[in-house]
Amino acid sequence: MSDLTRRTAVELAELMTAGEASSVEITRAHLDRIAAVDSAVKAFLHVDAEGALAQAAAVDTRRAAGEKLGPLAGVPLALKDVLTQEGVPTTAGSKILEGWKPPYDSTVVQRLRAAGIVILGKTNMDEFAMGSSTENSAYGPTHNPWDLNRIPGGSGGGSSASLAAFEAPLAIGTDTGGSIRQPGAVTGTVGVKPTYGGTSRYGLIALASSLDTPGPCARTTLDAALLHEAIAGHDPMDSTSIDQPVPPVVEAARRGDVNGLRIGVVKELGGEGYQPGVEARFHEAVELLTKLGAEVVEVSCPHFDYALPAYYLILPSEASSNLAKFDAMRFGLRVGDDGENDAEKVMGLTRAAGFGAEVKRRIMIGTHALSSGYYDAYYGQAQKVRTLVARDFARAYEQVDVLVSPSTPTTAFPIGERVNDPIAMYKNDLCTIPSNLAGNAAASFPCGLADEDGMPVGFHVMAPVMRDDLLYTVGAALETALAEQWGGLLLSKAPELEVSR
Amino acid sequence: MPSITREEVAHLARLARIELTGEELDHLAPQLDQIIDWVKHVSDVAAADIPPTSHALPLTNVMRADENRPCLTPEQALSGAPAAEEQRFRVPRILTEEA
């Protein structure tokens, strides 16, 4: 039953409810697929076959006993390696955490377990989520299943690639500046960044605490909504968690009705620097939404142009502080502890050996931006820009219900193309970063292939804080209309991966 | 004049407790200069009367009742330690002979 890996999460759940497949069978099919293709894709850093099969067997037993189970019970999932799972190696893509086994579960993992979702393993990512291509992973890059010579996006490239390679029907990502949405866009999958505080950061290895947001990745809008519902909601273990009901995301994904919805196209997110094929697919999707009854207007958010530089001050500042915990004392790598070197020396040697180039770059930028004499000029100014970006959103939402743009200025680029040009790399996140600064909900949905290179293009939707349901309204409408045109999901056009034995 | 010199980068590395090699400094210094030159454009729009935002949403301090709750055992807490002794983290010496 190898076609089990081609099914959506909803279809797999139906098969289990109908008694036509067990979770063990489904899990085994995905583990077999990983064994067959992951040597080429390299989406996983760790595959927990034994643990996954045990979780699957437990769900099958509960189902057989007549227990009432959640809608995704027994469905397998790929977990980004930045979230702790007790006893399972968690590295955040860094050598400094190689071999570390967390003694506790993150809240996201606790909720996945409660929902009966089966965790297949941990997916590759840019080191500490710093990057847009997975090329900054200390364990080597992940490859885009659409073209193995291209990047799968980042930082959550492993999670999105696992979906596009049919290694998992569901995945978890984390989004600090676009790390769920950009990989979703360039792999032809769905990626949702919930409202900041809508999902818990407890057990998420922090990059920038005021921005980090875990969220769902899937091949369809409805699958993503069901996963969103499973992991979201208030958590007393996270002091920035929002104590309000989860927005009705599943209902929105099922209805997908954009009739009368007011959509604003962000003027600043397009034009120079945007690939023609990306813009073409984006504008066709906007037209399609108009035909479905949405009212489309152009909206200006003038300060979005400054969001990127502000982000690259705020993020390194928070990161340099968060990564101070990797001090070689309590967990992780320790280098140079020879009885002679003092603690400070050991710290310096360990961090030099354990951190990769991009992490060092950002720690140094952050240290500089926060140092006396520069704080006001850099960090202070960046925080003011954050206010201006949030005000742009607030003004825009007075006129429209959601904002839209391409998810990324370009499609997936070849591996290696931007590694020596940090600023070119940072520009991947041009469209996604404003929503992180303002904390609102945002998502990327597949909207076609660019003519130049045949690579997937993402349609980016931004909704107000705690209106995550509107993302799914637009995503579902678009998905249904495009599937009619294409005769299926965009991913059905992806090339077959060579299967190794 | 560069926004940041090689000497300043070396100083930052010491502050950040990262023992960089000379080669790494040669490579990093121009890159950091380029990045800082680019990010400082934030000053172009941020006027004095704009309040800073440290956080996307309004925050209130979260307290919990002062009660015992289950927590990690000493074995769990020490499970990832590079070195442990007598239920404690063993660390390199922190004082020099002269101190």
Side-chain angles (χ1 to χ4, degrees), chain A residues 100-104 196-197 210-211 236 239-240 242 303 306 309-310 312-313 320 327-334 337 341-349 351-352 355 357 360-361 363-365 367-368 371 377-378 380-388 390 422-423 436-440 465, chain B residues 3-4 8-9 11-21 24 27-29 31-32 34-36 38-57 59-64 71-73 75-83 89-96:
Chain A
W100 182 59
K101 290 181 181 169
Y104 72 107
Y196 175 82
S210 81
L211 306 164
S239 61
T240 58
I242 296 175
H303 298 100
Y306 295 90
Y312 278 103
L313 282 166
S320 68
D327 57 7
M329 300 301 139
R330 291 153 300 157
F331 53 94
L333 186 69
R334 180 183 287 181
D337 185 10
N341 289 330
D342 66 3
E344 202 173 308
K345 180 82 179 171
V346 168
M347 241 180 255
L349 290 170
R351 288 161 67 83
F355 289 144
K360 288 175 185 167
R361 264 197 292 272
I363 289 176
M364 309 267 278
I365 295 282
T367 307
H368 185 55
S371 60
Y378 294 144
Q381 295 296 87
Q383 286 189 312
K384 289 180 179 182
V385 171
R386 195 166 182 181
T387 306
L388 294 170
I423 293 175
N436 295 90
L437 292 180
N440 56 258
V465 164
Chain B
S3 293
I4 188 163
E8 284 175 298
V9 173
H11 175 64
L12 285 176
R14 281 192 295 277
L15 289 178
R17 304 281 186 273
I18 302 175
E19 293 246 344
L20 293 182
T21 62
E24 277 181 302
H27 190 64
L28 262 172
Q31 283 185 335
L32 294 192
Q34 191 195 2
I35 295 167
I36 287 167
W38 173 67
V39 293
K40 68 183 182 194
H41 287 295
V42 290
S43 308
D44 299 352
V45 285
D49 60 340
I50 314 273
T53 299
S54 66
H55 226 269
L57 307 172
L59 286 184
T60 47
N61 201 7
V62 178
M63 311 286 271
R64 72 166 176 91
C71 64
L72 298 180
T73 62
E75 290 71 30
Q76 286 174 317
L78 290 166
S79 63
F89 295 102
R90 190 189 67 72
V91 301
R93 67 190 171 83
I94 52 170
L95 299 174
T96 53

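Below, chains carry the letters A, B, ... as their sequence lines are ordered, and counting in each starts from 1.
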> Do side-chain atoms of A/R351 reach the backbone of B/R17 as a donor and acceptor pair under 3.5 angstrom?
Replying inline: yes
>> Looking at A/T387 and B/P51, would you say the former's side chain and the latter's main chain have a donor-acceptor pair under 3.5 Å?
In response: yes
Region of [X] that comes under 4.5 Å of a non-hydrogen atom in chain B:
{"X": "A/S320", "answer": "neither"}
{"X": "A/A438", "answer": "backbone"}
{"X": "A/I423", "answer": "side chain"}
{"X": "A/L211", "answer": "neither"}

What are the two closest non-hydrogen atoms of [X] and [Y], and how far apart are they?
{"X": "B/S43", "Y": "A/Q381", "answer": "CA-NE2, 3.5 Å"}
{"X": "B/P82", "Y": "A/G332", "answer": "CG-O, 3.5 Å"}
{"X": "B/A16", "Y": "A/I363", "answer": "CB-CG2, 3.7 Å"}
{"X": "B/P92", "Y": "A/M329", "answer": "CD-SD, 3.8 Å"}
{"X": "A/Y196", "Y": "B/L57", "answer": "O-CD1, 3.2 Å"}
{"X": "B/V39", "Y": "A/Y312", "answer": "CG1-CB, 3.9 Å"}

Which atoms of [X] are under 4.5 Å from chain A, going by heavy atoms: the side chain, the backbone, both sets, or neither?
{"X": "B/Q76", "result": "both"}
{"X": "B/L72", "result": "side chain"}
{"X": "B/L28", "result": "side chain"}
{"X": "B/D44", "result": "side chain"}

>> Quick check for you: to the nearest 0.5 Å, what is the distance between B/R93 atom CZ and A/D342 atom CG?
In response: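 Reported value, rounded in 0.5 Å steps: 5.0 Å.
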> For A/R334, which residues count as a salt bridge (charged side-chain N to carboxylate O under 4.0 Å, His left out) partner, sequence neighbours excluded?
Replying inline: A/D337
> Can you check side chain to side chain contact (heavy atoms under 4.5 Å, CB included) on B/I94 and A/E344, steps first, answer last?
Replying inline: CA-CA 7 Å; B/I94 52 170; A/E344 202 173 308; over 6 Å; no
> What residue, out of B/T73, B/I36, B/T21, has the most heavy-atom pairs lying under 4.5 Å from chain A?
Replying inline: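 Of B/T73, B/I36, B/T21, B/I36 has the most heavy-atom pairs under 4.5 Å with chain A.
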